[in-house]
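Below: one structure, written as C-alpha cells.
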Amino acid sequence: MRLCNKNHTANSGDKQMNKWKRPNKNPYQDVGKFPLITMLVISFGIFLVFTTYSILNWQQGEKVTGELISITLSTPLILVLVIWCAVGMAYCFIAYPFCYADFLEKYGMNRWQNWARQALPLLDYSSILPVSELALKMQKLEGEAPTGAATPLRIAIEVDSMDDIRVDKVLRQLIEPLKNSLVRQYSPFKTWLYVKGADDSIGNSFKTVLESLSVPKDKIGEIKILHECPDYYLINDWIGFNMFENNLIVTVELHSENDSDFFESANAFVFTDDRFLESKDTPLYLLRMMDSTPYYLDEIVNTYLSAQQVVIDKIKRLWFNSLDKQSKFVISGAIENAKTGILPDSRYDLETVTGKGSEVQRWVVLALAADAAKYGQGHQLFASKSADTIQSGIIAAKYPGRKPAPDIADFSNYWKIISACSIILWCTGYLCLVSEETFNIHPWYSIVPFVVGILVIFIAVLFFSIFVSDKIEQEMGIYYVPFL
C-alpha cells in the first residue's frame with residue numbers, strides 16, 4: 001500500500017497535515033448479507049405457481065410421462081436459475097466495493113499506525129542544570145522545584161584556574177557518563193554540537209574532551225558544528241532511517257560576560273539503531289514526532305493522539321516550553337478529549353522554573369521527559385516551539401511494538417461468482433437461441449461462438465475487477481499491495 005500522504009517535510013503545516021492524517025474511511029454503505037431466505041421463498045413460489053398451473057390445466061385422461069414431467073419442471077428451473085444468477089451478480093457488484101473498501105480502511109489504518117509507531121532508541125543521555133533532579137522536583141517526588149527569583153540560573157561548575165575554560169569543563173562532565181555508550185561495534189559516532197555563542201574552534205575543544213575521556217580516536221566520527229540550536233526535526237529524520245552509527249546531540253547554553261540572565265543548561269543524547277543494542281542496554285524510545293503550524297494544531301494533535309502510538313491512558317505527563325496560551329489550550333483540550341492519563345497537575349511548563357524560554361530548553365524538556373519515563377512514570381508527552389512550528393513527541397520506556405496486520409480476505413470470490421453467473425446466463429441464453437437442428441447442421445459454427453463467449457466473459461470480468469478495485473483505491477487514497 002502507498003498512502004497518498006507520503007512525503008514528510010518538517011516545518012511545513014500543509015505537508016504535515018497530509019502526513020498526520022487518518023486514512024480515509026469506507027465511503028460505501030453496507031448492503032448486508034445475501035438475501036438467501038428471500039431467494040428460497042421466491043424459488044419455491046415459482047415452482048409452486050408453475051406446478052399449480054400445470055395441474056389446473058391437466059387434461060383428464062392424459063397419461064403422466066417422464067417427458068411431460070421434464071417439460072413441466074424445466075421452465076421454472078431455468079427461470080429460477082436465471083433469477084439466482086442475476087441476483088447473485090447484482091449482489092456481488094454492490095457488496096464488493098463496501099467489503100474491499102472496509103478492508104482497505106483497516107489495512108490503511110494498520111500501516112499508518114505502524115508508521116506512527118516507528119521509534120528511535122535513545123541509548124543514553126545526560127543533562128546538567130542549575131537545579132539537580134529537576135524532573136523529580138517538578139513532579140514533587142523529591143522536594144519542590146524553585147520558581148521565580150528563587151531559581152538558580154548558573155550551573156555549579158567553575159574553573160579552577162585562569163587557564164581553564166568553563167565550557168570545556170562542562171562538556172567533559174556532560175559526556176563522561178556517556179562514554180561507554182558512544183562507541184558501538186565498528187562504527188564511529190557522529191556528533192551534532194551546538195554551544196551558544198561559540199565559533200568553529202569549539203569542535204577542537206570537544207575532540208580534546210573526548211580524547212581526555214579515553215574515547216578511541218578512530219571512533220570519533222564527524223563533528224558537525226551547529227550555529228543554530230537544532231530542533232526535534234533531527235529525531236524525525238532518523239526515525240525509520242537505517243543508521244549505521246550512533247548520533248550524539250550536544251546542546252549547551254552558558255552565561256557570558258554580557259549575558260547572564262537566563263537558565264544555563266547542558267544536554268547530550270546518544271541516539272542509536274536497534275542493531276547496536278546489547279542485552280544489558282535499557283534504552284528509551286522516541287516515537288515518530290508531530291510538527292505543525294499553529295493554524296493546523298488542533299486537528300493534527302487530535303489525529304496524532306488517535307494514531308495510538310502507545311496505550312493512550314498510559315501517557316502520564318506533559319512537558320513543554322515556549323508555547324503560547326492558545327497552543328497550551330489546544331494541546332490541553334486534545335489530551336483531555338483523547339482520555340490520556342495526564343491530569344491537570346501533571347502538565348509541566350519548564351518556564352515556571354527557568355523564568356523565560358530559550359531554544360536550548362527544548363532539549364531540557366526532552367531530558368526531563370526522559371527522566372520521568374526512566375523513573376517509571378509512564379509514557380511522556382513533550383512539546384516545544386521552533387520558529388513558527390510546534391513539535392511534539394512521545395517517549396516510552398519500552399518499544400510498544402507493531403500492530404498486527406489485519407487478516408487478508410480473498411476478494412477474488414466475488415469475481416468468481418460473477419464470472420460463474422455470467423457464464424451460466426450466457427450458456428442458458430445460447431442454448432435457448434440455438435436450435436438442435438442448427439447445431440447438427442453447423443456444429444463448429446455453433447460451438448466456436450459459444451466458447452469465444454465464455455473467454456470474453458472471463459477476460460471482461462478480469463479487467464472490470466481491476467478497474468473497479470483501482471477506482472476504489474483511488475477514491476480512498478490507499479493502495480493495497482499483497483506482497484508488501
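Just so it is clear, the structure is predicted and the values come from calculations on it, not from any experiment.
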Qualifying residues under side-chain hydrogen bond (donor to acceptor under 3.5 Å, both in side chains), relative to Glu475, sequence neighbours excluded: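 If we apply the side-chain hydrogen bond (donor to acceptor under 3.5 Å, both in side chains) test to Glu475, skipping adjacent residues, the hits are Tyr28.
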
Side chains of [X] and [Y], donor plus acceptor under 3.5 Å:
X      : Y      : value
Glu253 : Ser358 : yes
Thr389 : Asp291 : no
Ser201 : Asn204 : no
Gln118 : Asn114 : no
His255 : Asp261 : no
Arg317 : Gln377 : yes
Asp371 : Tyr125 : yes
Tyr96  : Ser465 : no

Minimum heavy-atom distance between [X] and [Y], given as atom pair plus value:
X      : Y      : value
Ser419 : Val461 : OG-CG1, 3.2 Å
Pro97  : Cys92  : CD-O, 4.5 Å
Val170 : Ala266 : CG1-CB, 3.6 Å

Are any of the side-chain heavy atoms of [X] and [Y] separated by less than 4.5 Å?
X      : Y      : value
Leu136 : Tyr375 : yes
Ser265 : Ser127 : no
Leu226 : Trp192 : yes

Check against side chain to side chain contact (heavy atoms under 4.5 Å, CB included), Glu211 and Val215: CA-CA 5 Å; Glu211 292 173 357; Val215 177; over 6 Å; no

Test salt bridge (charged side-chain N to carboxylate O under 4.0 Å, His left out) applied to Glu359 and Lys385, step by step: CA-CA 8 Å; Glu359 293 179 335; Lys385 190 172 184 179; over 6 Å; no

Decide, yes or no, whether a salt bridge links [X] with [Y] under the criterion of side-chain N to carboxylate O below 4.0 Å.
X      : Y      : answer
Arg22  : Glu105 : no
Glu245 : Lys190 : yes
Lys137 : Glu142 : no
Arg347 : Glu336 : yes
Glu222 : Lys224 : yes
Asp349 : Lys328 : yes
Asp407 : Lys106 : no

If you count heavy atoms of other groups shown closer than 6.0 angstrom to [atom1] of [X], is the number above 12?
X      : atom1 : value
Phe34  : CZ    : yes
Asp345 : CG    : yes
Lys219 : NZ    : yes
Asp388 : CG    : no
Glu228 : CD    : no

Could you tell me whether the side chain of [X] and the main chain of [Y] form a donor-acceptor pair under 3.5 Å?
X      : Y      : answer
Asn110 : Pro404 : yes
Asp259 : Ser256 : no
Glu144 : Lys140 : no
Thr151 : Val353 : yes
Asp124 : Ser181 : no
Asp281 : Leu277 : no
Lys169 : Glu158 : yes
Thr354 : Lys356 : yes
Asp102 : Phe98  : no
Asn236 : Met289 : yes

Listed partners of Glu176 passing salt bridge (Lys or Arg N to Asp or Glu O under 4.0 Å), at least two apart: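 Testing Glu176 for salt bridge (Lys or Arg N to Asp or Glu O under 4.0 Å), a comparison that skips the adjacent residues, returns Arg172.
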
Once rounded to the nearest 0.5 Å, what's the spacing between atom [atom1] of [X] and atom [atom2] of [Y]?
X      : Y      : atom1 : atom2 : answer
Ile235 : Leu120 : CD1   : CG    : 7.0 Å
Asp298 : Ser327 : CG    : OG    : 10.5 Å
Leu129 : Leu134 : CG    : CG    : 6.0 Å
Asn337 : Ser332 : CG    : OG    : 10.5 Å
Leu182 : Phe189 : CG    : CZ    : 4.5 Å
Leu350 : Ser384 : CG    : OG    : 9.0 Å

Can you label the angle between the [X] ring and the [Y] ring as parallel, tilted or perpendicular, going by 30° and 60°?
X      : Y      : answer
Phe382 : Tyr232 : perpendicular
Phe269 : Trp363 : tilted
Trp238 : Phe271 : tilted

Geometric cation-pi criterion, Lys33 with Tyr91: 6.0 Å, 45°: no

Tyr100-Tyr414 aromatic ring centre distance below 6.0 Å: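 No, ring centres 6.0 Å or more apart.
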
Close aromatic pair by centroid cut-off 6.0 Å: Phe320 and Tyr348: no

Derivation and outcome, side chain to side chain donor-acceptor pair (under 3.5 Å), residues Tyr304 and Gln309: CA-CA 9 Å; Tyr304 177 69; Gln309 295 173 294; 3.2 Å; yes

Full working for side chain to side chain contact (heavy atoms under 4.5 Å, CB included) between Gln380 and Ile394: CA-CA 6 Å; Gln380 308 293 309; Ile394 294 173; over 6 Å; no

Val195 vs Phe206, side chain to side chain contact (heavy atoms under 4.5 Å, CB included): CA-CA, chis, key distance, verdict: CA-CA 10 Å; Val195 177; Phe206 184 70; over 6 Å; no

Chi angles and distances behind the side chain to side chain contact (heavy atoms under 4.5 Å, CB included) call for Lys403, Arg117: CA-CA 9 Å; Lys403 279 185 167 289; Arg117 284 189 174 204; 3.7 Å; yes

